[in-house]
Protein chains: 2
Amino acid sequence: MRSGHGLRTTRQREIIMDELRKSRSHPTADEMYEMVRRRLPRISLGTVYRNLEVLSDCGMIRKLEIGGTQKRFDGIAGAHYHLLCTRCGRIEDLPLDAMPEISKALGRKKIRDFEIREHRVAFLGLCPKCRDGKRRLTAVSRGATKGGM
Amino acid sequence: MRSGHGLRTTRQREIIMDELRKSRSHPTADEMYEMVRRRLPRISLGTVYRNLEVLSDCGMIRKLEIGGTQKRFDGIAGAHYHLLCTRCGRIEDLPLDAMPEISKALGRKKIRDFEIREHRVAFLGLCPKCRDGKRRLTAVSRGATKGGM
DNA sequence: TTTGGTGCAAAGGCTTTGCAGAAAG
DNA sequence: CTTTCTGCAAAGCCTTTGCACCAAA
């Protein structure tokens with residue numbers, strides 16, 4: 001693990017990072033708990049929450065507040081945008097270079113005297129499956145369309 | 001109030017809409033409760049929550065999940081972007097036409113086979129006050145920098 | 001009169017925390 | 001040995017809900 005954060009390398013932390021990096025689905029804390037528990041049956045939910053918090057505080061993962069009640073986590077390396085299905089709640093990543101003209105246009109340093117450090121973009125719509133009417137309702141979808149930013 | 005929604009015009013609803021429209025600060029549900037209570041002392045917090053929910057469901061207001069634990073509400077008419085101070089939690093609106101080249105670039109109909117209905121943009125940084133070191137910590141700031149999308 | 005809304009209080013869901021013991025450095 | 005982390009369980013915070021009464025249409 002990275003040094004200079006005062007963070008120790010624990011088995012719990014390593015596995016949480018590893019599972020999050022492997023995941024393509026931006027899991028919630030309790031989804032993380034289930035994933036990690038398969039490899040570390042005695043881990044507690046509190047430990048999962050604490051680690052997700054610490055890791056996002058030091059920038060090693062990202063905490064998302066897009067679409068829904070629960071927070072989601074993203075094991076990303078660099079900046080990217082999100083693509084969210086408002087019906088099933090699925091979230092996909094969009095690398096910045098998928099749309100260079102946009103990240104360029106948005107990369108301004110100052111707006112209304114605010115010093116801009118970061119910008120975020122999300123696209124909302126229907127994924128192919130949901131568009132074709134194959135409604136795939138999961139736990140994820142509760143409130144999926146209800147949030148904004 | 002608008003017809004066709006099955007919504008009745010109640011004094012509570014009217015005042016909630018009115019206070020939210022007047023507000024420039026994207027209040028939380030309990031901030032709304034305090035505001036409305038000055039005009040309608042017997043209103044209950046539950047009623048405020050129920051109305052904010054219903055009104056955002058039918059598109060008359062917008063529910064925000066930017067920056068922090070609590071949801072915030074926006075009495076806006078049309079689409080716009082947000083400008084968030086990561087230090088004090090202040091949120092400002094940015095009309096789309098403040099940056100036409102951006103909304104144009106982002107207005108694509110299809111990405112990765114998703115049918116795009118909407119896009120959202122937020123800029124994060126420091127507002128003038130916070131940049132100048134006049135740290136203005138409010139209840140709002142708890143977790144202000146911790147969320148993403 | 002009918003149906004949706006309100007106030008109140010209790011219940012719920014997700015997240016955070018206090019504590020004592022375990023583990024990393 | 002010291003400091004951080006963990007598991008467990010309790011507490012916390014924000015939000016939702018059941019119910020009986022009230023009010024809009």
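We name chains A, B, ... by the order of the sequence lines, and we start the count at 1 in each one.
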Report the distance from atom [atom1] of [X] to atom [atom2] of [N], rounded to the nearest whole Å.
X: B:Tyr33; N: D:dT16; atom1: OH; atom2: P; answer: 16 Å
X: A:Tyr49; N: D:dC13; atom1: OH; atom2: P; answer: 16 Å
X: A:Leu7; N: D:dT4; atom1: CG; atom2: C1'; answer: 10 Å
X: B:Asn51; N: D:dT15; atom1: CG; atom2: C1'; answer: 14 Å
X: A:Glu14; N: D:dT4; atom1: CD; atom2: P; answer: 19 Å
X: A:Ile16; N: D:dG7; atom1: CD1; atom2: C1'; answer: 13 Å
X: A:Glu53; N: D:dT6; atom1: CD; atom2: P; answer: 14 Å
X: B:Ile15; N: C:dT6; atom1: CD1; atom2: C1'; answer: 14 Å

Query - Along DNA chain D (nearest heavy atom to each residue), the more 5'-positioned of A:Thr47 and B:Thr47 - result: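 It is A:Thr47, whose closest nucleotide lies nearer the 5' terminus.
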
Write out a two-atom table: protein N or O, nucleotide N or O from nucleotides 18-23 of chain D, distance below 3.5 Å.
{"residue": "D:dG18", "atom": "O6", "partner": "B:Arg50", "partner atom": "NH1", "Å": "3.2"}

Is a salt bridge present between [X] and [Y], judged by a nitrogen-to-oxygen distance below 4.0 Å?
X: B:Glu115; Y: B:Arg117; answer: yes
X: A:Arg37; Y: A:Glu34; answer: yes
X: B:Arg24; Y: B:Asp93; answer: yes

Looking at [options], which one has an atom nearest to any side-chain atom of [X]?
X: B:Arg13; options: C:dG5, D:dT15, C:dT6; answer: C:dG5
X: B:Gln70; options: C:dT15, C:dG5, D:dC14; answer: D:dC14
X: A:Leu45; options: D:dC5, C:dT15, D:dC14; answer: C:dT15
X: A:Lys71; options: C:dT16, D:dC5, C:dT15; answer: C:dT15

Should [X] be listed as having a side-chain N or O under 4.0 Å from OP1 or OP2 of [N]?
X: A:Thr9; N: C:dG25; answer: yes
X: B:Gln12; N: C:dG7; answer: yes
X: B:Thr10; N: C:dT6; answer: yes

Q: Taking the side chain as every heavy atom from C-beta outward, state whether A:Glu31 and A:Gln70 have any pair of such atoms under 4.5 Å apart.
A: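 No. Closest side-chain heavy atoms not under 4.5 Å.
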
Within-4.5 Å side-chain heavy-atom neighbours: B:Thr9 and B:Glu14: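 Yes; the side chains approach each other to less than 4.5 Å.
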
With sequence neighbours excluded, what pairs up with A:Arg39 under the salt bridge (Lys or Arg N to Asp or Glu O under 4.0 Å) test?
->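 Result, salt bridge (Lys or Arg N to Asp or Glu O under 4.0 Å) vs A:Arg39: A:Asp18, A:Glu19.
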
Which residues in residues 34-44 of chain B have at least one heavy atom lying under 4.0 Å from any atom of DNA chain C?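 Here the set is B:Arg42, B:Ile43, B:Ser44.
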
What is the nucleic acid contact for A:Asp30, judged by heavy atoms within less than 4.0 Å: base, sugar-phosphate only, or nothing?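 Here A:Asp30 touches no strand at all.
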
Give a yes or no on whether B:Leu55 and B:Phe73 share a hydrophobic cluster (residues Ile, Leu, Val, Met, Phe, Trp, Tyr; joining criterion: side-chain heavy atoms under 4.5 Å apart).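 Yes: a chain of side-chain contacts under 4.5 Å links B:Leu55 to B:Phe73.
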
Are B:Met35 and B:Tyr33 linked, directly or through intermediate hydrophobic residues, by side-chain heavy-atom contacts shorter than 4.5 Å (ILVMFWY only)?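 Same cluster: B:Tyr33 reaches B:Met35 through Ile, Leu, Val, Met, Phe, Trp or Tyr contacts under 4.5 Å.
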
*Quick one: closest heavy-atom pair of A:Leu45 and A:Asp30, and the distance?*
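Closest approach of A:Leu45 to A:Asp30: CD1-CA, 4.4 Å.
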
Notebook entry, point to check: A:Asp74 and A:His82: side-chain contact (heavy atoms from CB on, under 4.5 Å), yes or no, with the steps?
Noted result: CA-CA 11 Å; A:Asp74 187 330; A:His82 287 113; 3.1 Å; yes

